[in-house]
Amino acid sequence: MTSIISCLKLAIASTILAAATASAAAITIDFETMPGADGKLGTADDTPMADNFVVPITDQLTPAGITFSQGSIMRWDFFDGNPRNHFLSSTSPIGAFSSRKPRAVR
């Protein structure tokens, strides 16, 4: 009987722990825009990516929790003829993801 009660306690504890785990909403990274002042992609204050032919991608997406240590984006009219299209260059991008939890500054 004691082992059954222990198993039930463990099951309840794991259920509570699973319910308390963090979840995140999916975001789409199209390399056409970067986050604006609110730090979120897909909102009204997003700004366009750089207008140069080749631009190293580093901290443009850091407000959204993504920082690249390697890679670049290019702007050209490949694929559909739109000269404003951005796409990743042949340099393989390396990015790190982090949470965007605000921290108190003291």
Discussion item. With a 4.5 Å cut-off on side-chain heavy atoms, are Thr47 and Thr33 touching?
Written reply: no
Worksheet entry | From Leu61, Asp46, Ile57, residue fulfilling side-chain contact (heavy atoms from CB on, under 4.5 Å) relative to Met34 | Leu61
Worksheet item: To the nearest 0.5 Å, how far apart are CD in Gln60 and CE in Met49?
Response: 5.5 Å
Discussion item. Looking at Phe68, is its backbone amide N or carbonyl O close enough to the side chain of Gln70 to form a donor-acceptor pair, meaning the two atoms are under 3.5 Å apart?
Written reply: no
Discussion item. Using only atom types and a distance under 3.5 Å, with no angle test, would you say the side chain of Asp45 pairs donor to acceptor with the backbone of Pro35?
Written reply: no
Worksheet item: Is there a chain of hydrophobic side chains (I, L, V, M, F, W, Y, each step under 4.5 Å between heavy atoms) that links Val55 to Ile29?
Response: yes
Response to the item:
One should read off an interatomic distance between Thr67 OG1 and Asp59 CG, to the nearest 0.5 angstrom, of 7.0 Å
